[in-house]
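Note that the coordinates shown come from a computational prediction; the quantities given were computed from them, not determined experimentally. Hydrogens, waters and symmetry mates play no part in the numbers below; they use all other heavy atoms, side chains included.
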Number of protein chains: 2
Amino acid sequence: MTVAEQIRSQFDQLTPAERELANTLIANYPMAGLGTIMELATAAKVSTPTVMRTVKKLGFGGFPAFQNALHDELKQTLSDPIDKHDHWANDVPAEHMLNQFATAVTNNLRQSLKQLDHKTFDDVVTLLTEKERSIHIVGGRITHAFADYLQTHLQVIRKNSHMLPASSGLWPHHLLNVNEGDILVIFDVRRYEADLLELAKLANKRNVKIILFTDQWLSPITSYATHYFSCRIEAPSGWDSGVVTLFLIETLISAMEEVLWPETSSRLKELEDIFDFTGRFKR
Amino acid sequence: MTVAEQIRSQFDQLTPAERELANTLIANYPMAGLGTIMELATAAKVSTPTVMRTVKKLGFGGFPAFQNALHDELKQTLSDPIDKHDHWANDVPAEHMLNQFATAVTNNLRQSLKQLDHKTFDDVVTLLTEKERSIHIVGGRITHAFADYLQTHLQVIRKNSHMLPASSGLWPHHLLNVNEGDILVIFDVRRYEADLLELAKLANKRNVKIILFTDQWLSPITSYATHYFSCRIEAPSGWDSGVVTLFLIETLISAMEEVLWPETSSRLKELEDIFDFTGRFKR
DNA sequence: TATTGTTTGTAAATATTGTTACAAATATTG
DNA sequence: CAATATTTGTAACAATATTTACAAACAATA
């Protein structure tokens, strides 16, 4: 039973001043009840004790209790409609790693998306599709695989994307090939790597645009990055999860593809022809 | 500019405790900010002064001012007849690639988990944790990155895991190092690669146990595999999504870690020490 | 390693809110 | 119309919330 229903059901038992209150409360429900008891009293043009008596009459212990009820209701109304499946896998107990991980991962995704500024996303898509800029990609110990994945896909949809060598000793040398206005994509999640930070500083000095993929605690590279994505990486284990990071990479690729479709389609065609020729793939 | 946007835009200038607060605030926005300053502090596991400082940093005069801003926003949201709550990302149209992709990915996850036999999962965990077997990992053009990711993690929690060389010409040679009872983890999604199939046949002949990660259409290697996982890879674009594949890899790793914890912990400790020594990581 | 600056929490002080007691105002009844 | 009951608001009080001051913990730097 909602607070509004409670008010309506007892409306006829209220005194004139109390009805005044009830009316203003319902008139802009539930906002009117979210402030202080004084604000509500003023809005209804009654005194605070009247409010007090009314909420008690309605069955609440006091004004805070009444307000909590409103809060709980609001929570329901605003709560995510995205189903919280407590059981993802069939016939598997909820404590099974599969279910735990599925829950954690979707939470990560939901929260990361809430924090993501979509303008950042769109700006990055624009940057990455400007073909006069060349792209350079680098990752850390764990994130190296993501850098690899991004590169594999970028290669197909545009020219001039390169992986930085695995050995950090070669990075300064490689930076000579990076021009002002070029893009450096860095993956850096905890524990943040000192070499990557140095690289970012150097690149920043050369006016290279830095796009950073990091975690919710933000790598120190953030200060040097033109744009950054913070992907939540919580997992029910000692490990971190890269699922959200991968999600973002793939979404970026898809968004880029939309923009670049004319060029992409012909590149893809060429690629298919080459693979057909080499016979590496099953038809 | 909404409070949420204000938080996002200044997120990188916040201190760790302040970020903690910002995260919980955004995670269940705006409900978390509607109670008292103490409730918010408790929810975020910080002290009330931290909340105080944060809201001032965000540009509000004090907590009540901050709360009023939330109230005003909420008023807007609640009077807005358009249901904004169907979206993953805030303030982004439903047709935006971010929302489309998020929906697709969670559907993939749900469906993949429905089809997954958890006994297969548990059996694979058992197989991979038997340390007398050595593990060999190989991926295709796209899936190479996943093979890499798996290897990076396996390396930490157990001995004797190896990546097959990138060039398929070297695989037959490498197979000589693989003994009966060893494990070959293969990643093969469409378009299925002929070389990988040949490799699987050879390995099968040598009584190597094959664990296969493939898509919902099942690679031809499935017939030679001891266990296989089919991960749905549908995406709203010409590309396939590897999110479910990564999810499974990470879940496997976590499950293995649970089993192997005694050994893992000491290996992890060693690893940390080495990294500390080399100074590659920020503390 | 000592020094400095930053971050964070504890605890006291201040302000505000919620509650109660009581009296004035209003309505009700004989 | 007076007596009584009911309703309502004023003002004091108590409880709680917000803010500030300060000190401990922590990280950065020399």
Side-chain angles (χ1 to χ4, degrees), chain A residues 3 10-25 31-71 190-194 197-198 200-201 216-224, chain B residues 3 7 10-25 31-71 276 279 281-283:
Chain A
V3 176
Q10 301 191 47
F11 193 84
D12 50 352
Q13 291 155 47
L14 298 179
T15 66
E18 289 170 348
R19 286 180 187 181
E20 193 83 14
L21 172 66
N23 279 330
T24 43
L25 204 41
M31 286 308 300
L34 296 182
T36 69
I37 193 172
M38 285 163 168
E39 283 164 355
L40 178 53
T42 311
K45 290 177 190 152
V46 297
S47 64
T48 41
T50 299
V51 179
M52 189 73 230
R53 283 187 286 263
T54 311
V55 297
K56 281 199 170 169
K57 219 169 188 173
L58 291 172
F60 298 100
F63 190 76
F66 163 79
Q67 207 167 46
N68 276 335
L70 281 180
H71 277 170
R190 68 164 185 196
R191 308 173 38 171
Y192 311 118
E193 302 183 21
L197 180 57
E198 290 309 313
K201 283 180 187 169
Q216 64 259 46
W217 301 286
L218 304 189
S219 144
I221 296 178
T222 309
S223 347
Y224 304 99
Chain B
V3 176
I7 295 173
Q10 300 192 48
F11 191 84
D12 51 354
Q13 290 155 46
L14 299 178
T15 66
E18 289 170 347
R19 283 177 192 175
E20 195 83 16
L21 171 67
N23 279 332
T24 43
L25 204 43
M31 286 310 298
L34 296 182
T36 70
I37 194 173
M38 285 164 166
E39 283 164 355
L40 177 54
T42 311
K45 288 175 193 153
V46 298
S47 62
T48 39
T50 299
V51 179
M52 188 74 230
R53 283 186 287 261
T54 309
V55 298
K56 282 198 170 170
K57 217 171 188 176
L58 291 173
F60 299 99
F63 189 77
F66 163 79
Q67 206 166 46
N68 277 335
L70 281 181
H71 278 168
D276 275 357
F281 292 90
K282 280 226 117 182
R283 295 208 127 271

**Student:** Sub-3.5 Å donor-acceptor pair from the side chain of A/E18 to the main-chain atoms of A/T50, do we have one?
**Tutor:** no
**Student:** Keeping A/E39 on the side-chain end and A/T36 on the backbone end, is there a donor-acceptor pair under 3.5 Å?
**Tutor:** yes
**Student:** Could you check which nucleotide pairs with C/dT6 in any of the strands shown, counting Watson-Crick or G-U wobble with both distances under 3.5 Å?
**Tutor:** D/dA25
**Student:** Between B/T48 and B/A17, who's closer to the 5' end of DNA chain C by nearest nucleotide?
**Tutor:** B/A17
**Student:** Do A/F60 and A/V3 touch side chain to side chain, with heavy atoms closer than 4.5 Å?
**Tutor:** yes
**Student:** Would you tell me if any nitrogen or oxygen in the side chain of B/K56 comes within less than 4.0 Å of OP1 or OP2 on D/dT20?
**Tutor:** yes
**Student:** Rounded to whole angstrom units, what separation is found between the NZ atom of B/K57 and the C1' atom of D/dT19?
**Tutor:** 18 Å
**Student:** From CE of A/M52 over to C1' of D/dC13, roughly how many Å is that when rounded to an integer?
**Tutor:** 14 Å
**Student:** Rounded to whole Å, how long is the line connecting atom CD of B/E18 with atom C1' of C/dG9?
**Tutor:** 13 Å
**Student:** Nearest to the side chain of B/P49, heavy atoms from C-beta on, is which of C/dG9, C/dT8, C/dT19?
**Tutor:** C/dG9
**Student:** Starting the side chain at C-beta, find the nucleotide from D/dT7, D/dT18, C/dT20 nearest to B/F63.
**Tutor:** D/dT18
**Student:** Just how far, in rounded Å, is C1' of C/dT17 from CD of B/Q67?
**Tutor:** 13 Å
**Student:** What's the closest nucleotide to the B/T36 side chain, out of C/dG18, C/dT10, D/dT18?
**Tutor:** D/dT18
**Student:** Round to a whole Å and report the spacing from CD of B/E20 to P of C/dG9.
**Tutor:** 9 Å
**Student:** Using only atom types and a distance under 3.5 Å, with no angle test, would you say the side chain of B/R19 pairs donor to acceptor with the backbone of A/W217?
**Tutor:** yes
**Student:** Taking the side chain of A/P64 as its heavy atoms from C-beta onward, which of D/dT19, C/dT19, D/dT7 lies nearest to it?
**Tutor:** C/dT19
**Student:** What is the distance, to the nearest angstrom, from the CG atom on A/L14 to the C1' atom on D/dT8?
**Tutor:** 14 Å
**Student:** How many whole angstroms separate atom CG of B/N68 from atom P of D/dT18?
**Tutor:** 12 Å
**Student:** C/dG18, D/dG9, D/dA17: which one has an atom nearest the side-chain heavy atoms of A/T50?
**Tutor:** D/dG9
**Student:** Between A/R53 and A/G35, name the one whose nearest nucleotide on DNA chain C is closer to the 5' end.
**Tutor:** A/G35
**Student:** Without decimals, in angstroms, what is the distance between A/L40 CG and D/dG9 P?
**Tutor:** 13 Å
**Student:** For B/K45, I'd like to know if atom NZ has over 12 heavy atoms of other residues, nucleotides or ligands within 6.0 Å.
**Tutor:** no
